[in-house]
Amino acid sequence: MQVTAAVARTKGAPFTIEQLELDGLRHNEVRVRMVATGICHTDTLVRDGVYPTPLPAVLGHEGAGVVEAVGDSVLSVAPGDHVVLAAAYCGHCNRCRKGQMAYCENLMAADFGGQRLDGSTALSKDGEPISSHFFGQSSFATYANVVEESIVRVDKDIPLEHLGPLGCGINTGAGTVLNELKPEIGSSLVVFGTGAVGCAAVMAARVADCAVIVAVDIHDSRLELARELGATHVINSRTENVAERLRSITADVGVDYVVDTTGIPALLRQAADALGIRGTVALVGAAKPGTEVSFEIGASLVKGWTFKTVVQGSSVPQVFIPRLIQLWKEGRFPFEKLVKDYSLEAINQGFEDSKSGKAIKPVIIF
């Protein structure tokens, strides 16, 4: 069947809107008519050649839509069901069998390989293969053949237009706090970078009843929103001394938890230095391969602090995303405040607005 898609054809170049062929369903796939899909920083990294998905490719990994058809072995959904699409995982490696799908041993093949396990692609144009199954889905298209592992069924009474970002960015920020760090009531938590991931972490810290929630960014508009979402303090790292402010906020005790969404080595060093005794830094921000950061040993040793990396909020999507929706229903997780809508034809503007800080979470509405 014919689909309309945004195609990343050349490293670093804008997306082009094209008509592609979508092939038939395989036994483990679900055909989804896309209603909306979020734009994520990981899409930018692949478009720019930082991550290894072969181009040309249809990217997009925060889809939401309606099931049109299912493969022979699919049992979790049926035609007409409403779904959110999350990252793919193999389901049979040691990590998946332990419920640690975010750390699937076959993650790179499942999410970045650009093809099915048999080497075929679901998308093509005039016989030219187009990389598909990005994060199991490739949701920058009007329809997609999605692996069942990426499918999360949601109630039909919830508007689909803004649910897509729950599949990656918001899941990552909230899950890092609620699934991985699990901060104690009354603890302190700092978030470096208040894009969609960082704002989700701020909201999750509020859900966890952290007493001190500090948002750090270079955009005052984002910091204002972070305060609205639950931050008790904000710091503009372009105009303020972050270290001094954090010492003042914590009365020189140091912070309990830091979530770094930037992947910038200088900020990671600041995060480590700001920790109190037995504090933890969780890195979720992506960086170019080979990026390194250094930590001072002497003072670090007596702190007994922890550095950890977190993927996809350490969540099982089919379990955690419905929990986030429940929090939203209760008014405790207002992620819709992050969203700005775009048409598929305006996808490149959405990427530009995300880069400049004009939009926190651009969402393509089909």
Residue pairs involving residues 306-318 (criterion salt bridge (Lys or Arg N to Asp or Glu O under 4.0 Å); sequence neighbours excluded):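 Matches after skipping sequence neighbours: Glu180-Lys308.
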message: I need the full list of salt bridge (Lys or Arg N to Asp or Glu O under 4.0 Å) pairs touching residues 54-70, with sequence neighbours left out, sorted by first then second residue.
response: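 Found Arg33-Glu68, Glu62-Lys361.
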Between the side chain of [X] and the main-chain N/O of [Y], is any donor-acceptor distance below 3.5 Å?
| X | Y | result |
| --- | --- | --- |
| Thr262 | Gly193 | no |
| Thr142 | Thr4 | yes |
| Asp353 | Gly350 | no |
| Ser138 | Leu59 | no |
| Asp260 | Leu283 | no |
| Thr250 | Leu246 | yes |
| Ser188 | Val212 | no |
| Ser131 | Leu55 | no |

query: Ring centres of Phe134 and Phe140 under 6.0 Å apart?
result: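 No, they do not, as the ring centres are separated by 6.0 Å or more.
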Nearest atoms (heavy-atom pairs only) where [X] meets [Y]:
| X | Y | answer |
| --- | --- | --- |
| Val70 | Pro79 | CG1-CD, 4.3 Å |
| Pro56 | Val7 | CB-CG1, 4.0 Å |
| Lys303 | Leu275 | NZ-O, 2.7 Å |
| Thr194 | Ala215 | CG2-CB, 3.6 Å |

query: Among Ile158, Ile170, Val35, Val363, whose side-chain contact (heavy atoms from CB on, under 4.5 Å) with Leu163 holds?
result: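 For Leu163, the side-chain contact (heavy atoms from CB on, under 4.5 Å) check succeeds only for Ile158.
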